[in-house]
> 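First the structure, then my questions, so here it is.
Chain letters run A, B, ... following the sequence lines, proteins first and then strands; every chain starts at 1. Here the structure is a predicted model, which means the values were calculated and not measured.
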Amino acid sequence: MEGEEFAVGCLLSIKTTLGDEFEGQIISYDRLSNILILQEGLESGPRRNIRLLKANYIKEFSLLRQDEDPLDVKKCFLDLTSLQAREDSAVRQAEADSERFGVGVTSEAQNLFDALSKTLPVRWDKTVIVVMNEVRVSSPYLPECVSGGTPAANERVKKVLELERKRMQTRTSQ
Amino acid sequence: MNIPQALLPKSSANGFPRRRGDREGGARLENKVQSGKPNQGRIQTSAEVAGGKAGRCESSSRDRLVFLTTCLIGHMVEVHVKNGSIYTGIFHATDAEKDFGIILKMARMIKEGTSQGNKPVTEFVSKAPTKILIIPAKELVQVIAKDVAVTSDGFASELQHEKHQELLIDSVISQSRHVGMERELERWVPDEDVPQCPELENIFGGSRNRNWDQFETNQKLFGVQSTFNEELYTTKLERGPQTRELEKEAMRIAREIEGEETQDLHLAEERGFDLHNNLDIDEEMRYSSVFRGRGFDDSGYEEEEDIKLDSHNVETFGDSSDSLSRGPADLTSFHLVDEAPSSQAAIGADLYHTGFNGQSKQLASEIPSESFSVSGSESRIQDNLLGEHGGSSDAKGFAQKQSPSVDQQLSNAIDSHSLLNDKFEGSDKAGPPANPTTQPQANFMSKVSEKPASSGERSEGPAANKVTGETRSVNSCGQPVSSTSSNSDSVAAVSASSGPGLSPSSSMGSLSSEKSTLNPHAKEFKFNPNAKSFKPSQTSVRPPSPVSDGSFYYQTQATPVPHMHMPVTFGIGPSFPGHQPVVFNPQVASMQSTQAYFHPSGPQYGQQMLLGQRPVMYYQPEMQYKGREY
């Protein structure tokens, strides 16, 4: 393992103890923390897939070839403010998104929710999908489970639900 | 660079990562990151971060680690932990000084690695995202991040990408580092499989094809009962026996209209005509810019003004054509206007302020406005004043055109003044003024006097009736041709020279038009020997003006009803900047009698003397009014 710190640029094929297999080019290896930084895919490009791997989880590896340093140190600049901004916006985005995800619901339920939300205003109430603030669809989200709201609204939601289920079925069966 | 310390749960007993919704901790970490903000640009090295480890190689590798983990901040990452679970979240921080534990924000577990094995995907139950998730280094197996910007160009492109992704708040937008980063615009090209220029009508089988009823469809699909009633939104069609013919007729008319030729680019395009005779027309011209007509530019604005003026004139004075105004001799008065091209704009303000030159200018400008105001609302006056601006400038232009001939007349500026005086004399005018050139001025003057009178009317109650009188006289002034009451004599005399002054407004208007200097609608002036001479009414109230011509007002007040025949003109000579040359014109004879009233003007007297290079002239005119009919 120690040789790695000199082997920046080496292309390795690695198997981890958890069962992952991948190839990557070494960007750096930090002995102190035992972290190996790999870059997947060929270098180039300003954007790369980075993997930080704790070296002690490497089950086996093999050297594929030796290339040059994938990291051009001269071009490495960091703008902390933009990083911070990026993080902030990501957090904001995630928070907004979290409204859309039900907690403790199956992914099927989530899919139904997403489909309904395309045309109707929906929100989660624990595990119940609330449509237009009146109609409630509870688990297991079958047309029979639609309740509340005016008859017209109720009917509408039922119809949409049926359609959506049908569509999902055809999709999964494809 | 200062990477915040992770709050590592050293005391975690089991191998599971501790979840801490520790906001405080998070805040602290954030603070540390923030403090690192000032250090923009290259990462500070390693020496401090490396924590005392010597050796360049190690420090450089450490550097890289630090660098790369910093690159990950704000990025969505996947973290594998020892027990097989996988979390995804936003990379927030790592403990670079110790062993690189990880902190994620808004983390979710996407795979649960428990000893029981994985559950089928569909049954996986979602959980609320954890605000802050701390993963100790011991648990950490790997961190995977996709599309990480590692180099500066990567950052740039990422910034752009982000910029367009979410809503930008102002402070973000205004950050100057974003300035100048623009996209390269590309022309839109339709997809390959889309037919070229599909006609909307064809797609839906033509509008005539009524096979598809949207309401029906909606009802079927969603059970929505429509309450749409066409007649709520448009005229009710009477469908009787005539329907067919009416429809045919309508179609015919429609076809006719649509087949008409047009010069308008947009209409032509709609109808299928190709008007693109010159290749100057690009896309912008065709579809987005405002069409301004041929040879049209902003100077055409004046023309409009003049038209407005003209209409105003017509309203005020009735429809009369004034051939007089065409006389070249008229230029004298205009010539004066000629003097100072610029400050026309300051009509309102400057009216009473300027010097001699200004005087003349204002003279001209005032006059038109005065004439307009006859009927009187102040707003009208204002409008006129403003409108006059264009008008007067035009007049000026007109004057300029003929300046050569008028030049000599300049010396007769006196005349104009005398004219002014004459006007005020109004009633004093015995016969046609000797100097034809003065006429126009006189006309102006009368008008000028009129105006103040009328405006004064409002301010001074008693004068009310006078106004009407004024109006009448003014009218006549305005239309020398009509030669009703008022300065007919002078007017008549003027006929020869005729002045633009006669109907300054209209003449102004017509003058302003670049196309012809003559008012095509003007009637030829016919001298009317029977016309009454002009008798200005007493109330020579000046129009309220910013200039406090105390003296004027004083005078007006001083000229009560009894002095009907006083050359009220004193007060009337408003347009003159504070100086009422008019005042002077008052018959020297009457001077004595009106001594009292002259006082206020006394100083003006002197002022006027100072004013001009031709103070003397003021007295001359008197001689002309011998035939005054008072």
Side-chain angles (χ1 to χ4, degrees), chain A residues 5-6 8 16-18 20 27-35 37 39-40 45-54 57 71-73 75-95 97-98 101-108 110 152 155-156 159-160, chain B residues 33-34 36-37 39-43 53 57-58 61-62 64-65 67-76 80 84 90 92 99-100 105-106 121-129 137 140-155 157-159 162 166 172 221-224:
Chain A
E5 67 191 75
F6 302 104
V8 170
T16 68
T17 55
L18 295 180
D20 282 336
I27 295 182
S28 168
Y29 169 68
D30 182 54
R31 194 188 309 170
L32 198 64
S33 58
N34 208 18
I35 292 182
I37 308 179
Q39 164 186 307
E40 284 177 50
R47 311 181 75 134
R48 318 169 193 192
N49 296 347
I50 304 282
R51 189 188 285 255
L52 272 68
L53 175 65
K54 270 286 190 73
Y57 291 97
L71 199 64
D72 181 5
V73 182
K75 282 207 264 178
C76 293
F77 298 93
L78 283 181
D79 182 359
L80 282 178
T81 38
S82 61
L83 286 176
Q84 188 66 29
R86 177 175 73 180
E87 185 186 348
D88 289 341
S89 77
V91 171
R92 265 200 303 270
Q93 191 73 28
E95 277 170 3
D97 284 346
S98 65
F101 296 111
V103 176
V105 295
T106 58
S107 55
E108 182 203 38
Q110 184 62 49
E155 280 306 306
R156 180 129 168 239
K159 281 207 165 67
V160 176
Chain B
V33 173
Q34 300 227 351
K37 259 191 206 175
N39 306 339
Q40 298 201 17
R42 273 185 161 258
I43 306 180
K53 273 282 177 178
C57 320
E58 272 156 1
S61 61
R62 200 18 113 91
R64 287 179 171 228
L65 182 58
F67 171 75
L68 280 170
T69 48
T70 316
C71 289
L72 291 178
I73 291 181
H75 216 84
M76 210 56 185
H80 298 230
I90 302 169
H92 175 69
D99 48 6
F100 283 86
K105 274 196 178 176
M106 305 300 285
V121 180
T122 50
E123 288 181 26
F124 180 71
V125 178
S126 63
K127 302 205 182 93
L140 183 63
V141 174
Q142 58 179 342
V143 177
I144 303 177
K146 296 213 169 2
D147 281 340
V148 181
V150 173
T151 55
S152 49
D153 22 331
F155 283 129
S157 66
E158 186 178 320
L159 272 169
E162 265 175 35
E166 63 159 327
V172 171
L221 282 183
F222 302 108
V224 175

> Is chain B contacted by the side chain of A:I50, its backbone, both, or neither, given a heavy-atom distance below 4.5 Å?
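For A:I50, the contact with chain B is made by backbone and side chain together.
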
> With A:S33, which residues qualify under side-chain hydrogen bond (donor to acceptor under 3.5 Å, both in side chains), at least two apart?
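Partners of A:S33 by the side-chain hydrogen bond (donor to acceptor under 3.5 Å, both in side chains) criterion, ordered by chain and then number, come out as A:D30.
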
> Give the C-alpha distance, both sets of side-chain angles, the deciding distance and a yes or no for side chain to side chain contact (heavy atoms under 4.5 Å, CB included) between A:L52 and B:F100.
CA-CA 11 Å; A:L52 272 68; B:F100 283 86; 5.9 Å; no

> Nearest 0.5 angstrom please: A:E40 CD to B:K146 NZ, how far?
6.5 Å

> Contact part of A:L53 toward chain B, heavy-atom cut-off under 4.5 Å: side chain, backbone, both or neither?
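It is both, since atoms from each part get that close.
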
> Is B:L221 close to A:K159 at the side-chain level, that is, under 4.5 Å between some pair of heavy atoms?
no

> What distance separates A:Q84 CD from B:H92 NE2, expressed to the nearest 0.5 Å?
7.5 Å

> So B:R64 and A:I27, do their side chains get closer than 4.5 Å, heavy atoms only?
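A side-chain contact under 4.5 Å exists here.
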
> B:A145: what forms a side-chain contact (heavy atoms from CB on, under 4.5 Å) with it, not counting sequence neighbours?
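Counting only residues at least two positions away or on another chain, B:A145 forms a side-chain contact (heavy atoms from CB on, under 4.5 Å) with B:L72, B:H75, B:V77, B:V148.
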
> Considering only heavy atoms from C-beta outward, does the side chain of B:F222 approach that of A:V160 to under 4.5 Å?
yes

> I'd like to know which of B:V143, B:I144, B:V224 tops the heavy-atom pair count under 4.5 Å against chain A.
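The option with the most such pairs is B:V143.
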
> Taking side chain as C-beta onward, heavy atoms only, is A:I35 less than 4.5 Å from B:L65?
yes

> Taking the side chain as every heavy atom from C-beta outward, state whether B:Q142 and A:K54 have any atom pair closer than 4.5 Å.
no

> Side chains of A:T17 and B:V141, heavy atoms from C-beta outward: is any pair under 4.5 Å?
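With C-beta onward as the side chain, the pair stays apart.
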
> Looking at every non-hydrogen atom in both residues, tell me the closest pair between B:G74 and A:A90 and how far apart they are.
O-CB, 3.7 Å

> Side-chain contact test, heavy atoms from C-beta onward, threshold under 4.5 Å: evaluate it for B:I90 versus A:V91 and give yes or no.
yes

> Closest approach of B:F67 and A:L78, non-hydrogen atoms and distance?
CE1-CG, 3.6 Å

> When rounded to the nearest 0.5 angstrom, what distance separates CZ in A:R51 from CG in B:L68?
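Those atoms lie 14.5 Å apart.
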
> Applying side chain to side chain contact (heavy atoms under 4.5 Å, CB included), run through B:H80 and A:T16 and close with a yes or a no.
CA-CA 11 Å; B:H80 298 230; A:T16 68; over 6 Å; no

